[in-house]
Amino acid sequence: MMLRDSQRIDWSARFQALAQAARHPLLQGFYAAGAVAAQTPLEDVPLLALDVETTGLDAEKDGIVSIGLMPFSLQRIRCGEARYWVVKPRTELSETSITFHHITHSDIRHAPALPHVLKALLSAMAGQVMVVHYRHIERGFLEHAVRRHLGEGLQFPVIDTMQLEALVHRSGRSWMDRLLRRAPLSIRLADSRARYHLPPYHAHHALTDALATAELLQAQVAHRLAAGVEVGRLWD
């Protein structure tokens, strides 16, 4: 698997600058917790799998309806420390979104709005490296949500298990595959897990998907990388 130069992003230095520039106390505290150095071996990095379920795919128009967090390392997954919130989204639930995540109008009737869980969410994320499957959803929706509620955006390092699968199964496609228009292998979460013989889980539940993503990274490292790989070669 071809990985990037570990010096591409220095999140430790960036967090120091962001801690000085942030205006909201919640963000000041989040950035002040710092980020690990890019040269840190992945086996020594505090990892936090993150998944959000939403009312749609457009972060500017749709809203977050649930958030799941699963802390883990390459050696173990700490299910007892997992966090899960159902939140009242900024937009109405649609039949399509309910079909995907099975969160209904009755589920959100008494749920807190996102601003009421931001303190706990940012506290749980502080000092961790986020692990997601398709970073544009989690990072995009949290960026828009935090900017909307706190007046400033949110930046954080992310390891994207979908991107790691793409490096293996998409970047190395042969000219014959392209000539014959063979469909590339799916890098969706369930299909990626199946290639490592991980068990199937019910999809589109934020906490279950966070667990599934944590297990997937463990499998990717065990089969294609090494525990001592520098985290800066994986994050974005």
Side-chain angles (χ1 to χ4, degrees), residues 4 6 8-19 22 24-53 64 66-85 87 114 117-143 145-147 150 152-164 189 206-221 225 227-236:
R4 63 176 64 91
S6 64
R8 182 180 177 191
I9 301 176
D10 185 348
W11 278 103
S12 181
R14 181 175 292 187
F15 266 41
Q16 291 179 23
L18 288 169
H24 197 283
L26 287 181
L27 294 177
Q28 291 171 355
F30 173 73
Y31 294 128
V36 298
Q39 296 78 20
T40 306
L42 186 62
E43 60 189 347
D44 297 331
V45 173
L47 301 168
L48 185 65
L50 163 69
D51 185 81
V52 301
E53 296 299 318
I64 295 172
S66 64
I67 305 170
L69 299 176
M70 184 65 69
F72 73 107
S73 66
L74 295 185
Q75 293 74 38
R76 61 190 290 251
I77 295 175
R78 303 195 300 278
C79 294
E81 300 172 30
R83 303 293 302 273
Y84 175 70
W85 297 274
V87 297
L114 185 61
V117 306
L118 274 181
K119 182 177 180 180
L121 174 62
L122 292 176
S123 177
M125 291 174 60
Q128 312 294 304
V129 173
M130 300 297 109
V131 180
V132 304
H133 196 77
Y134 192 51
R135 65 190 182 279
H136 297 296
I137 293 292
E138 278 72 24
R139 179 177 274 169
F141 271 86
L142 286 179
E143 156 71 20
V146 170
R147 184 175 297 280
L150 302 186
E152 305 172 64
L154 178 65
Q155 299 184 42
F156 53 89
V158 166
I159 296 174
D160 186 347
T161 53
M162 176 181 276
Q163 185 180 40
L164 294 181
L189 181 56
L207 189 55
T208 303
D209 281 357
L211 171 61
T213 300
E215 291 178 344
L216 177 57
L217 181 65
Q218 289 179 329
Q220 289 172 323
V221 172
L225 297 168
V229 64
E230 294 179 357
V231 67
R233 301 188 68 193
L234 302 177
W235 68 21
D236 191 21

Exercise for the section: Could you grab the distance from atom NE2 of His133 to atom OG1 of Thr161, nearest 0.5 Å is fine? Expected result: 5.0 Å
Handout entry: Heavy-atom side-chain contact between Val146 and Leu26 under 4.5 Å
Key = no
Fill in the blank from the handout: Nearest heavy-atom approach of Ala210 to Gly68 is CB-O, 3.8 Å
Handout entry: Any Leu48 side-chain heavy atom under 4.5 Å of Met125 side chain
Key = yes
Exercise for the section: Ignoring hydrogens and angles, tell me if any N or O in the side chain of Tyr84 forms a donor-acceptor pair with the backbone of Ser66 under 3.5 Å. Expected result: no
Fill in the blank from the handout: Across all chains, not counting sequence neighbours, the side-chain hydrogen bond (donor to acceptor under 3.5 Å, both in side chains) partners of Glu215 are Arg193, Tyr201
Handout entry: Whether Gln28 side chain and Ala22 backbone form a donor-acceptor pair below 3.5 Å
Key = yes
Handout entry: Distance-minimising heavy-atom pair for Pro46 and Val36
Key = CD-CG1, 3.9 Å
Exercise for the section: Would you check if Leu27 and Leu18 make a side-chain contact, meaning some heavy-atom pair closer than 4.5 Å? Expected result: no
Exercise for the section: Quick one: pull up CG in Asp209 and CG in Leu216 and give me the separation to the nearest 0.5 Å. Expected result: 11.5 Å
Practice task
Say whether, by atom type as modelled, one donor and one acceptor occur between the side chain of Gln220 and the main chain of Leu164 under 3.5 angstrom.
Solution key: no
Problem - Gap separating the CG atom of Asp236 from the CD1 atom of Ile9, nearest 0.5 angstrom - result: 5.0 Å
Practice task
For residues Leu142 and Leu121, determine if any side-chain heavy atom of one lies less than 4.5 Å from a side-chain heavy atom of the other.
Solution key: yes
Exercise for the section: Measure the CD-SG distance between Glu81 and Cys79 for me, rounded to the nearest 0.5 Å. Expected result: 10.0 Å
Handout entry: For Phe156, ring-ring contact (aromatic ring centres under 6.0 Å, His included) partners two or more places apart
Key = none
Problem - Flag side-chain contact, heavy atom, 4.5 Å: Leu234 against Val129 - result: no
Problem - Shortest non-hydrogen contact from Ala32 toward Ala19 - result: N-CB, 3.9 Å
Handout entry: Contact check, side chains of Ile159 and Leu42, non-hydrogen atoms, under 4.5 Å
Key = yes
Exercise for the section: List the atom of Leu69, the atom of Ala124, and the distance in Å for their closest heavy-atom pair. Expected result: CD1-CB, 3.6 Å
Problem - Considering all heavy atoms, the nearest Phe72-Val131 contact - result: CZ-CG2, 3.8 Å
Exercise for the section: For Ala82 and Leu207, work out which heavy atoms get closest and say how close. Expected result: CB-CD1, 3.8 Å
Problem - Parallel, tilted or perpendicular: rings of Phe15 and Phe30 (30°, 60°) - result: tilted
Handout entry: Atom pair CZ (Arg135) and CE (Met130), whose distance is rounded to the nearest 0.5 Å
Key = 15.5 Å
Practice task
Indicate yes or no for a side-chain donor-acceptor contact from Glu138 to the backbone of Val52 under 3.5 Å, with no hydrogens or angles considered.
Solution key: yes
Fill in the blank from the handout: Separation between CD (Gln218) and CD1 (Ile77), nearest 0.5 Å, reads 4.0 Å
